[in-house]
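Along the sequence shown, the residues carry numbers beginning at 1. These numbers come from the heavy atoms of this one structure, side chains and all, not from hydrogens, waters or symmetry mates.
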Amino acid sequence: MVNARAEAVAALVDRLGHRFADPALLERALTHSSVGEGADKAAGKPARHNERLEFLGDRVLGLLVADRLHSEFPEADEGELSSRLHALVDKHACGRVGARLGVGPAMRLSPGETKTGGRRKEGVVADAVEAILAAVWLDGGIDAARRVFERAWAEELAAPAPRALNNPKSALQEWSQGAGRPLPAYRVVGQTGSDHAPTFTVEVSIPGVEPLTAQGRSRQDAEKAAATALLKREGVI
């Protein structure tokens with residue numbers, strides 16, 4: 001009898017273009033938290049699902065995207081770079097990458113999660129994509145992770161940036177007014193770091209819409225990042 005999941009894993013490896021020296025890393029990256037977590041905790045063992053790898057992979061992806069954008073757009077300010085980065089690392093982008101790689105059929109899920117369509121859930125697939133990138137990093141280092149990233153994110157990187165990314169605050173203002181709402185309001189809710197290298201946290205709010213916060217190295221950059229994040233959360237871009 002053909003093992004459908006084994007075939008899906010083999011196809012995934014081919015699409016990634018990375019042969020794992022330690023295949024157990026990939027297996028863990030593909031294992032959803034619904035699989036055996038209770039048994040692991042009861043036995044006092046570290047969880048064997050992909051959440052820790054997802055945590056690492058989120059940072060690996062951010063680094064690779066930031067490095068690529070810093071080289072590709074030498075004239076862009078931090079606000080534009082932040083907006084472009086958000087578009088390449090968010091759940092929707094990772095979900096699309098996972099769909100193209102065929103991550104869903106290769107995953108290990110509990111029967112309950114499988115029954116509720118876990119293999120097609122964007123969030124489940126997106127988390128696994130980040131975990132896979134971390135597994136590649138641990139298995140082959142930064143160069144291997146970069147090769148997989150460039151290959152897997154090729155379509156995302158080639159896609160034109162949404163117009164709103166060039167001026168997200170104006171785009172958010174237009175969207176808000178188009179919906180009959182007041183103009184967005186921005187306020188600084190936090191500042192960390194030294195005087196010469198601060199990090200600002202800004203909240204953007206619109207009546208009738210849940211507020212959202214984002215960070216930047218200047219107030220303006222933080223406002224742009226917050227506007228971009230709100231536009232993406234609301235499905236505008």
Side-chain angles (χ1 to χ4, degrees), residues 54 57-100 121-127 129-130 149 153-237:
E54 176 204 340
D58 177 67
R59 277 70 183 172
V60 172
L61 177 58
L63 172 62
L64 293 172
V65 172
D67 183 54
R68 167 70 182 254
L69 294 176
H70 184 268
S71 298
E72 188 172 348
F73 301 99
E75 304 301 322
D77 62 22
E78 186 178 357
E80 180 183 344
L81 292 174
S82 295
S83 296
R84 289 180 179 274
L85 184 145
H86 284 303
L88 290 167
V89 305
D90 73 359
K91 177 179 70 174
H92 305 302
C94 290
R96 290 190 298 269
V97 169
R100 287 192 289 267
K121 291 179 181 176
E122 184 179 56
V124 170
V125 172
D127 290 347
V129 166
E130 292 180 338
F149 162 71
W153 265 261
E155 288 191 35
E156 301 299 318
L157 292 166
R163 181 185 65 82
L165 292 184
N166 297 322
N167 197 337
K169 291 181 66 178
S170 292
L172 183 60
Q173 178 177 318
E174 292 173 8
W175 174 75
S176 182
Q177 290 183 309
R181 296 188 175 100
L183 295 177
Y186 300 87
R187 68 184 182 97
V188 176
V189 295
Q191 180 178 341
T192 59
S194 61
D195 290 339
H196 68 276
T199 296
F200 291 86
T201 300
V202 166
E203 179 188 80
V204 58
S205 60
I206 300 172
V209 179
E210 183 180 353
L212 186 147
T213 60
Q215 294 182 325
R217 296 295 296 275
S218 69
R219 176 171 180 164
Q220 182 180 23
D221 288 339
E223 289 179 354
K224 288 181 178 179
T228 299
L230 186 55
L231 287 166
K232 293 186 73 64
R233 191 191 70 190
E234 298 300 317
V236 181
I237 58 174

Once rounded to the nearest 0.5 Å, what's the spacing between atom CD of Glu122 and atom NZ of Lys91? 5.5 Å
Heavy atoms only: give me the nearest Gln191-Phe200 pair and the separation to one decimal. OE1-CE2, 3.3 Å
When rounded to the nearest 0.5 Å, the distance separating CG of Leu64 from CH2 of Trp153 is 8.5 Å
Of all the heavy-atom pairs spanning Tyr186 and Arg219, show the shortest one and how long it is. O-NH2, 3.7 Å
Testing the basics here: between Val204 and Pro184, what is the closest heavy-atom pair and its distance to 0.1 Å? CG2-CB, 4.1 Å
Arg181 vs Pro207 side-chain heavy atoms within contact, under 4.5 Å: no
Once rounded to the nearest 0.5 Å, what's the spacing between atom CZ of Arg59 and atom CD of Glu54? 9.0 Å
Can Thr201 and Gln215 be counted as having a side-chain donor-acceptor contact under 3.5 angstrom? yes
Heavy-atom closest contact (Cys94 atom, Ala126 atom, distance): CB-CB, 3.7 Å
Could you pull out the closest heavy-atom pair between Ala222 and Val202, with the gap in Å? CB-CG2, 3.5 Å
Here the gap from Arg100 atom CZ to Glu155 atom CD, rounded to the nearest 0.5 Å, amounts to 4.0 Å
Closest heavy-atom pair, Gly62 versus Leu85, reported as atoms and distance to 0.1 Å, is O-CD1, 3.9 Å
Taken to the nearest 0.5 Å, the spacing of Leu172 CG from Ile206 CD1 works out to 4.0 Å
Go through Arg233 and Glu210 one step at a time and tell me if the side chain to side chain contact (heavy atoms under 4.5 Å, CB included) criterion holds. CA-CA 10 Å; Arg233 191 191 70 190; Glu210 183 180 353; 3.7 Å; yes
Approximate separation, where rounding is to 0.5 Å, of Leu81 CG and Lys224 NZ: 10.0 Å
Would the distance check show the side chain of Arg217 and the main-chain N or O of Pro198 forming a donor-acceptor pair, the cut-off being under 3.5 Å? yes
Please name all residues satisfying side-chain hydrogen bond (donor to acceptor under 3.5 Å, both in side chains) with Thr199, sequence neighbours left out, ordered by chain then number. none
Working note: Val209 + Ser176, criterion side chain to side chain contact (heavy atoms under 4.5 Å, CB included); need CA distance, chi angles, decisive distance, verdict. CA-CA 10 Å; Val209 179; Ser176 182; over 6 Å; no
Answer yes or no on whether Arg68 is positioned over the face of Phe149, meaning its NZ or CZ is under 6.0 Å from the six-membered ring centre and within 45° of the axis. no
